[in-house]
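Comments concern the structure below.
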Amino acid sequence: MAINAPRGTKDVLPDEVYKWQYVESFIRRWTALFGYKEIRTPVFEHTELFQRGVGDTTDIVQKEMYTFVDKGNRSITLKPEGTAGVVRAYIEHKLYAEAQPIKLYYLSPIFRYERPQAGRLREHHQFGVEAFGSYGPSIDAEIVDLAMSLLNNLGLKGLEIHINSIGCKQCRPVYHKVLMDYLADRLDRLCDTCRSRYDKNPLRILDCKEKGCQAVLTDAPDIVDYLCDDCKKHFDSFQDYLSAMGYKYEIDPRIVRGLDYYTRTVFEILSTDERSPGTICGGGRYDDLVEQCGGPSIPGAGFGMGLERLLLCMDSQGIIIPVPKGPDLFIAAVGEQAYHYSIGLASMLRKRDISVEIDHVARSLKGQFKYADKLKAQYVLVIGSDEMASGHVSCKNMSTGQEQRMELDNIAERLHSLLH
RNA sequence: GUGGAUGUAGUUCAGCUGGUUAGAGCGCCAGGUUGUGGCCCUGGAGGCCGUGGGUUCGAGUCCCACCAUUCACCCCA
């Protein structure tokens with residue numbers, strides 16, 4: 001019996017959850033400001049959904065999915081990305097019947113069978129948004145703005161926005177042909193995987209990192225030069241809107257993304273920081289996906305943001321996430337009778353909205369103070385037989401060391417005024 | 001999937017060319033205070049030296065395999 005977490009997974013321990021909660025609180029604030037509502041979809045879906053949605057030729061579907069047959073003989077797959085499930089829910093619940101666009105966000109674990117390394121896990125977590133029902137480039141710009149606002153507000157520096165357009169079903173075949181013609185007499189200089197991509201998905205050859213392929217591609221035609229008029233117009237206005245929002249961006253004709261469903265706009269937000277991984281957010285437009293998954297012909301746009309990478313990036317940039325406060329009060333009891341009384345007092349004070357800690361392992365008074373200190377308790381109340389008899393307790397401020405006496409009768413009020 | 005590095009207390013790490021009871025800092029517990037934390041002092045608990053095999057009189061140390069971690073690549077968030 002292995003007692004370690006499965007390869008490529010990580011526990012978030014109590015000492016560090018506050019970092020996640022901090023980031024999540026920013027996500028909830030910014031999605032609210034932009035009008036995106038949360039959607040929660042299952043961690044697993046029918047395998048077919050991802051095969052159809054994400055695309056059979058992608059690495060994700062071909063070799064990275066966690067797929068198994070359940071006891072009812074269904075093929076089930078753990079989400080390898082966030083969009084497909086949201087699209088399925090959008091179609092299943094006929095959200096297209098509501099006023100469009102429908103703007104959604106999710107926080108979800110994502111599973112991919114990969115070789116783990118820094119910022120790369122078999123289970124990672126993504127924050128993502130999906131906006132359905134608008135062909136307009138303003139929604140493309142809005143989601144970039146949402147991602148950038150969030151990241152900037154968290155304090156990240158040195159972010160770059162890289163954008164591209166990969167056309168639509170009208171103009172992409174034209175570019176495919178141009179690219180294939182260009183590559184036709186250079187096939188022997190491409191790597192094995194690229195040669196196999198030549199027929200199935202030639203666009204993917206563009207982002208091959210092999211030196212040989214890179215050399216071949218230096219003079220390759222750029223897709224932006226072959227966009228149809230509508231796609232060209234869309235791409236231009238997208239850029240205009242980004243500028244109107246005050247963003248600098250870079251057109252990178254090599255961004256094609258590893259998911260087949262993208263059309264027109266694709267983008268990545270990456271950190272130029274050397275110590276942390278590059279891409280922390282990637283997304284784009286998917287005008288044919290809803291229809292491909294069996295819904296009406298409705299466009300969409302969205303992105304996914306890797307939370308582990310975001311946290312890594314914040315850490316390497318030295319961004320300090322505020323550590324949560326300790327309890328308002330620690331009650332230190334001396335003796336059986338006082339402890340018995342203190343248990344009741346702690347319960348009462350918690351109901352009065354004061355956070356209270358108390359010893360549960362029979363520590364000495366000194367031990368209780370040390371423990372209170374470790375917990376970062378703001379005040380410590382000492383209760384022993386003297387206090388029980390007199391009805392007065394001493395309350396010690398742990399940061400100044402000063403003690404004051406107070407009556408047990410109105411203790412909650414006194415504490416409230418101390419804690420304001 | 002390909003290539004490199006690394007696995008020793010809870011944690012970070014020492015352990016020289018194989019040699020007797022495997023060490024340190026931090027953390028944890030207790031004591032130095034009879035009812036008071038942080039600092040200081042003293043003591044204590046805690047290790048099948050990743051797992052399995054091999055070489056050897058003898059392995060934490062050398063060899064092999066496996067497992068895990070980590071870095072680069074592929075790909076992606």
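We name chains A, B, ... by the order of the sequence lines, and we start the count at 1 in each one.
Taking the P atoms as reference points, B:G44 lies 16 Å from B:A22, given to the whole Å. Annotation: B:G4 and B:C41 have their P atoms spaced 48 Å apart (nearest Å). Separation of the P atoms belonging to B:A65 and B:U2 is 15 Å when rounded to the nearest angstrom. Between B:C64 and B:C29, the distance separating the two P atoms is 44 Å to the nearest Å. Across B:U42 and B:G35, the matching C1' atoms stand 23 Å from one another, rounded to whole Å. Of the P atoms belonging to B:G43 and B:U51, the separation is 32 Å, rounded to the nearest Å. When the P atom is compared between B:G47 and B:C66, the two are found 30 Å apart, to the nearest whole Å. The separation of B:C71 from B:U61, taken at their P atoms, amounts to 26 Å, rounded to a whole angstrom.
B:G18 makes up no base pair with any nucleotide shown, lacking Watson-Crick or G-U wobble contacts both under 3.5 Å. The nucleotide B:A72 finds its pairing partner in B:U2, both defining distances of the Watson-Crick or G-U wobble pair being shorter than 3.5 Å. Under the Watson-Crick and G-U wobble criteria, each requiring two contacts below 3.5 Å, nucleotide B:G38 is left unpaired. The partner of B:G60 is absent, by the rule that a Watson-Crick or G-U pair needs both atom distances under 3.5 Å. Figure legend. B:A9 is base-paired to no nucleotide; pairs are counted as Watson-Crick or G-U wobble with both atom distances under 3.5 Å. Pair assignment for B:A45 gives none, since no Watson-Crick or G-U wobble pairing has each distance under 3.5 Å.
Across the protein-nucleic acid pair, A:Ile331 atom CD1 and B:U36 atom P stand 19 Å apart, rounded to whole Å. In this entry the distance linking CD of A:Glu114 with P of B:C71 reads 14 Å, nearest Å. Per the geometry, NE2 belonging to A:His392 stands 22 Å off P belonging to B:G35, to the nearest Å. At whole-Å resolution of the value, CZ in A:Phe111 and P in B:A77 are 16 Å apart. A:Arg363 places its CZ atom 16 Å from the C1' atom of B:G31, with the value rounded to the nearest Å. The distance from atom NE2 of A:His124 to atom C1' of B:C75 is 12 Å, rounded to the nearest whole Å. Rounded to an integer number of Å, the gap from CG of A:Leu121 to C1' of B:U70 is 12 Å. Taking atom CZ on A:Arg254 and atom P on B:C76, their separation rounds to 15 Å, with Å as the unit.
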Between protein and nucleotides 8-12 of chain B, what N or O pairs are separated by less than 3.5 Å?
none

With the criterion being N/O to N/O and under 3.5 Å, what pairs connect the protein with nucleotides 37-39 of chain B, and how long is each?
residue, atom, partner, partner atom, Å
B:G37, O2', A:Asp373, OD2, 3.3
B:G37, N7, A:Lys396, NZ, 2.9
B:G37, N1, A:Met398, O, 2.5
B:G37, N2, A:Asp373, OD1, 3.0
B:G37, N2, A:Met398, O, 2.6
B:G37, N3, A:Asp373, OD1, 3.2
B:G38, O4', A:Asp373, OD2, 3.3

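Counting only heavy atoms from C-beta outward, the side chains of A:His234 and A:Cys168 never approach each other to under 4.5 Å. Between A:Val144 and A:Met245, the closest side-chain pair of non-hydrogen atoms is not below 4.5 Å. When side chains are defined from C-beta on, A:Asp328 does not count as touching A:Leu415, because their heavy atoms never get closer than 4.5 Å.
If you check distances only, the side chain of A:Glu387 does reach the base of B:G35 with a donor-acceptor pair under 3.5 Å. The base of B:U36 sits with one of its N or O atoms less than 3.5 Å from a complementary donor or acceptor on the side chain of A:Glu403.
Salt-bridge formation is not detected for the pair A:Arg112/A:Glu81: no Lys NZ or Arg NE/NH1/NH2 atom is positioned less than 4.0 Å from an Asp or Glu carboxylate oxygen. Ion pairing between A:Arg28 and A:Glu38 holds under the 4.0 Å rule for side-chain N and carboxylate O.
For the atom pair A:Leu345 CG and A:Ile343 CD1, the distance stands at 10.0 Å (nearest 0.5 Å). With values rounded to the nearest 0.5 angstrom, A:Ile166 atom CD1 is found 11.5 Å from A:Arg264 atom CZ.
Checking the phosphate oxygens (OP1, OP2) of B:C76, no side-chain nitrogen or oxygen of A:Arg309 falls inside 4.0 Å. Taking 4.0 angstrom as the limit, A:Arg115 places none of its side-chain polar atoms (N or O) nearer than this to OP1 or OP2 of B:C73. Side-chain N/O atoms of A:Gln368 include none lying less than 4.0 angstrom from OP1 or OP2 on B:U36.
Within 4.0 Å (heavy atoms only), A:Glu268 reaches no atom of the nucleic acid at all. At a threshold of 4.0 angstrom between heavy atoms, the contacts of A:Lys376 with the nucleic acid are absent. Nucleic acid contact class of A:Thr58 (heavy atoms, under 4.0 Å, all strands): none. No engagement by A:Leu310 is indicated, since no non-hydrogen atom pair under 4.0 Å with the nucleic acid exists.
Of the residues in residues 281-289 of chain A, those placing a heavy atom less than 4.0 Å from an atom of RNA chain B are A:Cys281, A:Gly282, in numerical order.
Listed nucleotides: B:U36, B:C71, B:A77. Nearest to the side chain of A:Gln117: B:C71. Taking every side-chain heavy atom of A:Arg112 into account, B:C76 is the closest of B:C76, B:A68, B:U36. You'll find that the side chain of A:Ser364 is closest to B:G31, out of B:C75, B:G31, B:G35. Distance from the side chain of A:Leu365 is smallest to B:U36 among B:U36, B:C73, B:C75.
Between A:Tyr286 and A:Tyr261, the distance separating the two ring centers is shorter than 6.0 angstrom. Note: A:Tyr18 and A:Tyr22 fail the aromatic proximity criterion, with ring centroids not under 6.0 Å apart.
Between the side chains of A:Glu142 and A:Tyr36, at least one donor-acceptor pair of N or O atoms lies under 3.5 Å. With no hydrogens or angles considered, a side-chain donor-acceptor pair links A:Tyr247 and A:Asp145 at under 3.5 Å.
A distance-only check finds no donor-acceptor pair linking the side chain of A:Arg74 to the backbone of A:His46 [under 3.5 Å].
By the 30° and 60° cut-offs, the orientation of the rings of A:Phe44 relative to A:Phe68 is perpendicular.
Place A:Tyr113 and A:Arg122 on RNA chain B by their nearest nucleotides, and A:Tyr113 ends up nearer the 5' end.
Among the candidates A:Arg405, A:Glu403, A:Gln404, the single residue satisfying the side-chain hydrogen bond (donor to acceptor under 3.5 Å, both in side chains) test with A:Ser394 is A:Glu403.
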| field | side chain to side chain donor-acceptor pair (under 3.5 Å) evaluation trace for A:Gln337 with A:Ser385 | value | CA-CA 8 Å; A:Gln337 199 196 352; A:Ser385 44; over 6 Å; no
